[in-house]
Number of protein chains: 2
Amino acid sequence: MIESAPVQPVFRALADPTRREIISMLAAGARPVGDIAAAFDITRPAIAKHLRILEDGGLISVEVKGRERINRLNPQALKTASDWLNYFDGFWDERLAKLKTVVEDKK
Amino acid sequence: MIESAPVQPVFRALADPTRREIISMLAAGARPVGDIAAAFDITRPAIAKHLRILEDGGLISVEVKGRERINRLNPQALKTASDWLNYFDGFWDERLAKLKTVVEDKK
DNA sequence: ATAACATGAAACCATAAGGTTTTATGTTGT
DNA sequence: ACAACATAAAACCTTATGGTTTCATGTTAT
């Protein structure tokens, strides 16, 4: 399989539970860094790092608004990962079809 | 969002490019460890470790056959990740629908 | 029986990752 | 103007990760 889009930074971003939680949070609406940090036990700089990684993966986009940075979910990037995964559905289905054929033939 | 199934080990397994390549390879058919290792530049023990992580995520299942360990792709686990991602499609669609409504209202 | 084989397991190493604290910078409300 | 605010940036620490080499264990073919 050829990884057309840069899928690596996407999966990398998705690998951390905190980042996935941030994604969940941003699904409900765009938020500034401090807002997000307030919802977690870790420090603001730690959240900022996570946000940077999410941005690298294209999962969020940032709008600088005065002294705030509004982080907005970009679901298109989730599709990149989803597409990669769904690619294998075909193989699986084929496999099942072949198996079914074998079973049918035995009758 | 509540992560019903243990999605963490799945995303963890998917985060590494070598492991994703192994998944691609196994999509074409089950293979023993040595067979897989032969296709990569890294050592057999390194591959074995990757396989262990894939197994932890439920992405592969192993059938011990004599001195060989046959690694078989288990696409169900891919669905765990896919489901998590697809959960957000709803939000995105809603968002678009609302936006569309606003646009329509302006006419 | 025994040599070649397929693999697991352990010890080890370098770098990446996730976190912290501290310091600096631009922004906003009064 | 200036204090409070929102954040970035740097330095640092600990643990996880991906890799290696070496050694041990069970399996198979002759």
Side-chain angles (χ1 to χ4, degrees), chain A residues 3 6-26 29-74 77 81, chain B residues 3 6-26 29-74 77 81:
Chain A
E3 293 191 352
V7 80
Q8 175 55 29
V10 179
F11 276 113
R12 194 254 172 144
L14 289 169
D16 183 88
T18 301
R19 287 195 289 269
R20 287 199 305 279
E21 274 194 65
I22 292 174
I23 289 172
S24 294
M25 181 172 307
L26 294 182
R31 292 181 189 283
V33 181
D35 239 45
I36 299 166
F40 291 84
D41 286 338
I42 61 181
T43 59
R44 194 191 306 246
I47 294 292
K49 280 191 188 179
H50 282 308
L51 290 170
R52 182 60 176 282
I53 292 169
L54 286 167
E55 202 183 349
D56 286 347
L59 290 157
I60 63 171
S61 56
V62 182
E63 180 194 351
V64 179
K65 206 165 188 176
R67 62 182 165 186
E68 284 185 335
R69 285 169 66 90
I70 312 294
N71 300 277
R72 178 168 286 109
L73 186 62
N74 178 8
Chain B
E3 293 191 352
V7 80
Q8 175 53 30
V10 179
F11 276 112
R12 194 256 171 141
L14 290 169
D16 184 87
T18 300
R19 288 194 289 269
R20 287 199 306 280
E21 274 195 64
I22 292 174
I23 290 172
S24 294
M25 181 172 306
L26 294 182
R31 291 181 189 284
V33 182
D35 239 45
I36 300 167
F40 291 84
D41 286 338
I42 61 181
T43 59
R44 195 190 307 246
I47 294 292
K49 280 190 189 178
H50 282 308
L51 290 171
R52 181 61 175 283
I53 292 169
L54 286 167
E55 202 183 350
D56 286 346
L59 290 157
I60 63 171
S61 56
V62 182
E63 180 194 351
V64 179
K65 205 165 187 176
R67 63 183 165 185
E68 286 185 335
R69 285 168 65 90
I70 312 295
N71 301 276
R72 177 167 286 110
L73 186 62
N74 178 7

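Here is the naming used below: chain letters follow the sequence lines, and residue numbers restart at 1 for every chain. These numbers were taken from a predicted model, which means no experiment stands behind them.
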Please list each protein N or O that sits under 3.5 Å from an N or O in nucleotides 25-27 of chain C, with the distance.
residue: C:dT27; atom: O3'; partner: A:R67; partner atom: N; Å: 3.4
residue: C:dT27; atom: O2; partner: A:R67; partner atom: NH1; Å: 3.2

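Separating the CG atom of A:L51 from the C1' atom of D:dA6 is a distance of 13 Å, rounded to the nearest angstrom. Counting to the nearest Å, the C1' atom of C:dG18 and the CG atom of A:L14 are 17 Å from each other. Atom CD1 in B:I47 sits about 17 Å away from atom C1' in C:dA9, given to the nearest Å. Atom CZ in A:F40 sits roughly 13 Å away from atom P in C:dT20 (whole-Å rounding).
B:A77 pairs by the side chain to side chain contact (heavy atoms under 4.5 Å, CB included) definition with B:L59, not counting sequence neighbours. Taking the side chain to side chain contact (heavy atoms under 4.5 Å, CB included) definition, one finds that A:A37 meets it with A:R44, A:I47, sequence neighbours left out. For B:D35, the side chain to side chain donor-acceptor pair (under 3.5 Å) partners two or more places apart in sequence, or in a different chain, are B:R31. For B:R69, the salt bridge (Lys or Arg N to Asp or Glu O under 4.0 Å) criterion is met by B:E55, not counting sequence neighbours. Under the side chain to side chain contact (heavy atoms under 4.5 Å, CB included) criterion, B:T43 pairs with B:P45, B:A46, not counting sequence neighbours. Looking at residues two or more places apart in sequence or on another chain, you find no salt bridge (Lys or Arg N to Asp or Glu O under 4.0 Å) involving A:E68. For A:R67, there are no side chain to side chain contact (heavy atoms under 4.5 Å, CB included) partners, not counting sequence neighbours. For A:R19, the side chain to side chain donor-acceptor pair (under 3.5 Å) partners are A:H50, not counting sequence neighbours.
A close approach under 4.0 Å does not occur between any side-chain nitrogen or oxygen of A:R69 and OP1 or OP2 of D:dA6.
Between B:A15 and A:F11, the shortest heavy-atom contact is CB-O, 4.0 Å. Between A:P32 and A:N71, the shortest heavy-atom contact is C-ND2, 3.8 Å.
If one axis is set at each end of the helix from C:dA1-D:dT30 to C:dT30-D:dA1 from five pairs, those axes are 30° apart, to 10°.
Distance check, rounded to the nearest 0.5 Å: CG of A:D16 to CD of A:E21 gives 9.5 Å. A distance of 10.5 Å separates CG of A:L14 from CD of B:Q8, quoted to the nearest 0.5 Å.
Contacts between residues 55-64 of chain A and DNA chain D, defined by a heavy-atom separation below 4.0 Å, involve no residue at all.
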Give the B/S/- string for nucleotides 9-21 of chain D, one per nucleotide from 5' to 3', where a protein heavy atom under 4.0 Å of the base yields B, of only the sugar-phosphate yields S, and otherwise -. B-------SSBBB

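Side chains of B:N74 and B:I60 form no contact here, defined as non-hydrogen atoms less than 4.5 Å apart.
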